[in-house]
2 protein chains.
Amino acid sequence: MDKKTQIIEIATQLFSENGFENTSISKVCETSNVSKGLVFHHFKSKDELLREIFSSTTEKIIKMNQSINTENSPLTRLLELINSFFTQIKEDRLFFQLNLNVMTQPKTRELLNDLIKERSAFILNSVKQIFKQIDAENTEANSYLFIAELDGIALNYLGIFDDYPLELIKNQLIKKYKKKWNLK
Amino acid sequence: MDKKTQIIEIATQLFSENGFENTSISKVCETSNVSKGLVFHHFKSKDELLREIFSSTTEKIIKMNQSINTENSPLTRLLELINSFFTQIKEDRLFFQLNLNVMTQPKTRELLNDLIKERSAFILNSVKQIFKQIDAENTEANSYLFIAELDGIALNYLGIFDDYPLELIKNQLIKKYKKKWNLK
DNA sequence: TAATTGACTGACTGTGTAGTCAATGTAAAT
DNA sequence: ATTTACATTGACTACACAGTCAGTCAATTA
């Protein structure tokens, strides 16, 4: 594997596990068997390395979203979205951890401001499109509430409760939305 | 004001504004006109100072919760809870910021693990009690979902969207729960 | 073959950090 | 008046950190 990629992968892992502020570049070098000089040859600062990592996680999210077939009914798409969210959160825990971490840390939040804005606008828009097709009423507020629900679940699962009944909650959430819109 | 209290107040403010990891004790001293030695006289480490601060914010949350009159109907209490949450989040932004910050930062999350567990158990229990009285069905899952909703709103408001339509969302949330349980 | 480029190294620098400690100030108790 | 107990200071230590830089090495180009 080429060393630049290696730096990115190890840094992603360490930033996720220990937090950005608590991971020194020296630690990244040590873990990935690379000299300090090389890191600063490829990335002009530690901050810049984080930006590259965060940038590529945004692409990952966008791709995840685009994999949802637009020919299905909006309710099906919503359920697919919920499903893929729960699958992701379980399988790629660290990925979500890093995202929560940098978005709630004032310094990194500031550093990544433009990227976060871009990403959140994209997500909001995707959800709005689905909601608009299901139920034109209160599209805006319902979209925000839906996003808050998922984000809150991620936050509670990863950071707050340590025996979070994820399956139970997933089923209840699905039930809720099915009930809400199947009746109409 | 006595200097110990002063240290706590300034530290709370700076930790909230800039994050725990990004606030040095020197900065706290400088801002509160106190010597470094005094901070370590009153608190045996920077971590211990954070624990005291976090501990007292938990008490604040518990008091906030206890102020809700248990003689009212469960639906009224739920609406009161929602209302006080939205009032708090607007008026005491920094308080929520700090909480999000330390709970999503692996190092501080670890440090405060016992306190976080205690606090989250308390909150879950309070919500469960209300939900049990309104609707015995799926009490557990619905309580978790409700908490996720509020936490997600806080996260989105404070960390993700920077023009979050808080009022709109509050109204929609209230409408949703009223509709759900007034019909029965 | 000689020159150029870019990946790569690791010792080094300067700064900021948490935490210590011996000394001093202060006010109440004996 | 003397002791006791604690609040307070700021210079100090030891260390970890991000970032630099002079120089090595290997591959490509002229």
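Every chain is numbered from 1, with letters handed out A, B, ... down the list of sequences. Since we're looking at a predicted model, the values are computed, not measured.
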What's the [atom1]-[atom2] distance between [X] and [N], to the nearest Å?
X	N	atom1	atom2	value
A:Lys46	D:dT20	NZ	C1'	17 Å
B:Phe43	C:dT20	CZ	P	15 Å
A:Glu48	D:dT20	CD	C1'	18 Å
A:Gln6	C:dA7	CD	P	15 Å
A:Glu21	D:dA18	CD	P	10 Å
B:Phe40	D:dA14	CZ	C1'	14 Å
B:Lys3	D:dC6	NZ	C1'	14 Å
A:Leu38	D:dT24	CG	P	18 Å

*If you measure from CG on A:Leu98 to CD on A:Glu17, what distance do you get to the nearest 0.5 Å?*
11.0 Å
*What's the closest nucleotide to the A:Ser24 side chain, out of C:dA7, D:dA7, D:dC17?*
D:dC17
_Donor-acceptor pair (no angle test) under 3.5 Å: B:Lys36 side chain, C:dA18 base_ = yes
*So, is A:His41 near the phosphate of D:dT20, with a side-chain N or O under 4.0 Å from OP1 or OP2?*
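No, because none of the side-chain N or O atoms of A:His41 sits under 4.0 Å from OP1 or OP2 of D:dT20.
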_Quick check: B:Tyr157 with B:Phe96 (ring centres under 6.0 Å apart)?_
no
_Within 45° cone of B:Phe54 ring axis and under 6.0 Å: B:Arg119 NZ or CZ_ =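 The answer is yes, since B:Arg119 meets both limits relative to B:Phe54.
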_Under the criterion salt bridge (charged side-chain N to carboxylate O under 4.0 Å, His left out), I'd like the reasoning laid out for B:Lys117 against A:Asp163: C-alpha separation, chi angles, the key distance, then a yes or no._
CA-CA 10 Å; B:Lys117 263 169 111 163; A:Asp163 45 4; over 6 Å; no
*Checking all strands, does A:Ile25 fall into the base, sugar-phosphate, or nothing category for heavy-atom contacts under 4.0 angstrom?*
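Sugar-phosphate contact only.
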*So which one's nearest nucleotide on DNA chain D is more toward 5', A:Phe20 or A:Gly37?*
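Final value for this comparison: A:Phe20.
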